[in-house]
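In what follows, chains are A, B, ... by sequence order, proteins preceding strands, each numbered from 1.
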2 protein chains.
Amino acid sequence: MRRDVFQAIADPTRRAIINMIAHQPLNVNTVTENFDVSRTAVYKHIKILTECGLIEIKQQGRERFCEAKLQKLNEVSDWVEQYRQFWKARLDSLDNYLSELQSKNDSKTKKKNDGTSKRTRK
Amino acid sequence: MRRDVFQAIADPTRRAIINMIAHQPLNVNTVTENFDVSRTAVYKHIKILTECGLIEIKQQGRERFCEAKLQKLNEVSDWVEQYRQFWKARLDSLDNYLSELQSKNDSKTKKKNDGTSKRTRK
DNA sequence: AAAATATGCAACCTTTTGGTTACAAAATTA
DNA sequence: TAATTTTGTAACCAAAAGGTTGCATATTTT
C-alpha cells in the first residue's frame, strides 16, 4: 500500500476535498454532501489523505473534523521546482528573440528609442 | 483513460524517467537500462508521459529520443502554490512566537541588545 | 541479402483503485 | 430509554494500472 503525497493528489476527488477543507475544517458528512459518491467512498479518500499526512482528523463529540495540513505539499513543490529552469530556459530564449525583434523594428521606424519598452525577465 | 499531469507524476518510475531525460534527451533503450522492469513496461510509462504532454518523442533513424517538456509541470506548480499561504501561516506564527520569546529572554539576561539575532522572515 | 538493433503493440495476467451495500458502535436528542 | 445522527469498517465488485511474453516492423550493419 503505497501512500505518498504524489499518489494522494493524483485523484481529482481528493484534490477537491483538499480544496474544500483548506479554508476551514469540515466534518465527514459535510465533505460528503459536495460529491455524488457515497459517504464511504469519500471516507476512504479522507483516510488516504490522512495516511499521507495531508489532513488531520479531530474528534469533537460524535463528529470528526478534517483539517488540512498542507505543509506536506512541500514535497511536491520541491520536486516540481527543481525543474523550473528546464521550462523557463525556453521562455527566456523566446523573450530575447522577441526583444531583439522589437529593437530591430524600433530602429527601423524611429531612430529614437530609450529602451523602456524592452521586455525583461528576472 | 484519464491522462492528466497529476496522475502521470504519481508513479515513481515515471518521475524517475522525467529526472533522467530532464538534462538531455535519451532514446527508449537507454532509458530502459536504468530500470529493472522490461522495456515494454518502460515504454508504457513513456507513452503515458507523452500523452499528457510531459515529454515529446523525436525519431532519429531507428531510434526515438524522449525529450522532456516540463512546461506542463506548471499545472502542478500552480495548484500547489495556491495553498502555500495555508502552510506558511503557521510557520510565521511560530516565527513570531520564537522571536517574542527571544526578546523576553534577551531583556532578562542582558539589558543591551541590538536585535541583530532576531529571526525574520519575508 | 542476411543478421542485428530499436521500437511499437497485441494479448494476457495480477494487484490496486475506487466504488458499492450492509452492519456495528458511539454520541446526541427527543 | 428509545430514536436519530455521525462515523468506522468489513465484504464484495468492476475497472484501471502496471507488469509480462511474444511477435511484427523499420533501420542499420555486416
Side-chain angles (χ1 to χ4, degrees), chain A residues 1-21 24-69 72 76 79, chain B residues 1-21 24-69 72 76 79:
Chain A
M1 185 174 30
R2 186 159 55 84
R3 213 104 289 180
D4 62 275
V5 184
F6 287 93
Q7 185 238 3
I9 65 170
D11 184 275
T13 302
R14 286 197 287 268
R15 288 202 299 280
I17 291 175
I18 289 175
N19 196 53
M20 281 187 64
I21 64 174
Q24 81 288 352
L26 298 175
N27 69 12
V28 178
N29 273 348
T30 308
V31 173
T32 299
E33 283 165 18
N34 289 270
F35 298 95
D36 57 354
V37 292
S38 71
R39 178 183 62 81
T40 308
V42 171
Y43 173 74
K44 282 188 183 181
H45 285 307
I46 289 176
K47 199 171 185 196
I48 289 171
L49 290 169
T50 304
E51 283 168 359
C52 77
L54 276 170
I55 74 180
E56 249 178 40
I57 311 272
K58 302 208 169 152
Q59 180 153 5
Q60 204 166 313
R62 66 185 159 189
E63 299 171 72
R64 316 282 164 110
F65 283 82
C66 308
E67 194 178 316
K69 292 289 180 184
K72 265 296 174 73
V76 180
W79 187 80
Chain B
M1 184 175 31
R2 187 159 55 85
R3 211 102 292 177
D4 62 275
V5 184
F6 288 92
Q7 185 238 5
I9 65 170
D11 184 275
T13 303
R14 286 197 286 270
R15 289 201 299 279
I17 291 175
I18 289 175
N19 196 54
M20 282 187 64
I21 64 173
Q24 82 288 352
L26 298 174
N27 67 14
V28 179
N29 272 347
T30 308
V31 173
T32 300
E33 282 165 16
N34 289 269
F35 299 95
D36 57 354
V37 291
S38 70
R39 179 183 60 80
T40 307
V42 172
Y43 172 74
K44 282 188 184 181
H45 285 307
I46 289 176
K47 199 171 185 196
I48 289 171
L49 290 169
T50 304
E51 284 168 357
C52 77
L54 276 170
I55 73 179
E56 249 178 40
I57 311 273
K58 301 208 171 154
Q59 181 152 4
Q60 204 165 315
R62 65 185 160 189
E63 299 171 72
R64 317 281 164 109
F65 283 83
C66 308
E67 195 178 315
K69 292 288 178 183
K72 263 299 174 71
V76 180
W79 186 80

**Request:** Could you say whether A:Thr13 or B:Glu63 is positioned toward the 5' end of DNA chain C, judged by the nucleotide with the nearest heavy atom to each?
**Result:** B:Glu63
**Item:** B:Gln59 vs C:dA6: side-chain N/O to OP1/OP2 distance below 4.0 Å
**Value:** no
**side-chain contact (heavy atoms from CB on, under 4.5 Å) between A:Lys58 and A:Gln60, worked out** = CA-CA 6 Å; A:Lys58 302 208 169 152; A:Gln60 204 166 313; 5.8 Å; no
**Request:** Please test A:Val5 against A:Trp79 for side-chain contact (heavy atoms from CB on, under 4.5 Å), starting from the C-alpha separation and ending with a verdict.
**Result:** CA-CA 11 Å; A:Val5 184; A:Trp79 187 80; over 6 Å; no
**Prompt:** Taking the nucleotide of DNA chain D with the closest heavy atom to each, which residue, B:His45 or B:Arg39, is nearer the 5' end?
**Reply:** B:His45
**Asked** Does B:Arg64 place a side-chain N or O at less than 4.0 Å from the phosphate oxygens OP1/OP2 of C:dA6?
**Response** no
**Prompt:** Atom CG of A:Leu49 and atom C1' of C:dT17: how far apart are they, to the nearest Å?
**Reply:** 14 Å
**Item:** Length of the line joining A:Glu51:CD and C:dG18:P, which is rounded to integer Å
**Value:** 13 Å
**Prompt:** Atom CD1 of A:Ile57 and atom CZ of A:Arg64: how far apart are they, to the nearest 0.5 Å?
**Reply:** 8.5 Å
**Request:** Return no unless some side-chain N or O of B:Asn29 is found under 4.0 Å from OP1 or OP2 of C:dT7.
**Result:** yes
**Derivation of the side-chain contact (heavy atoms from CB on, under 4.5 Å) call for A:Ile48 and A:Asp11** = CA-CA 11 Å; A:Ile48 289 171; A:Asp11 184 275; over 6 Å; no
**Asked** How close or far is atom P of D:dA16 from atom NZ of B:Lys47, stated in whole angstroms?
**Response** 16 Å
**Message:** Rounded at 0.5 Å granularity, tell me how far NZ in B:Lys69 sits from CG in B:Leu54.
**Reply:** 11.5 Å
**Asked** To the nearest Å, how far apart are B:Asn27 CG and C:dT5 P?
**Response** 14 Å
**Message:** Need one value for B:Lys44: base, sugar-phosphate or nothing, where a base atom within 4.0 Å counts as base even if backbone is also close, heavy atoms only.
**Reply:** base
**Request:** Specify the separation, in whole Å, of atom CZ of B:Arg3 and atom C1' of D:dG18.
**Result:** 11 Å
**Nucleotide D:dT5, atom P - distance to CD of A:Gln60 in whole Å** = 19 Å
**Asked** So does A:Thr40 get a side-chain nitrogen or oxygen closer than 4.0 Å to the phosphate oxygens (OP1/OP2) of C:dT20?
**Response** no
**Item:** B:Tyr43 OH - D:dA17 C1' separation (whole Å)
**Value:** 17 Å
**Request:** For C:dT29, take OP1 and OP2 only and decide whether either is under 4.0 Å from a side-chain N or O of A:Arg62.
**Result:** no
**Request:** Consider the side chain of A:Ile48, meaning its heavy atoms from C-beta on, and name the nucleotide among D:dA17, C:dG18, C:dA10 that approaches it most closely.
**Result:** C:dG18
**Prompt:** Can you tell me how far P of D:dG18 sits from CZ of B:Arg15, to the nearest Å?
**Reply:** 11 Å
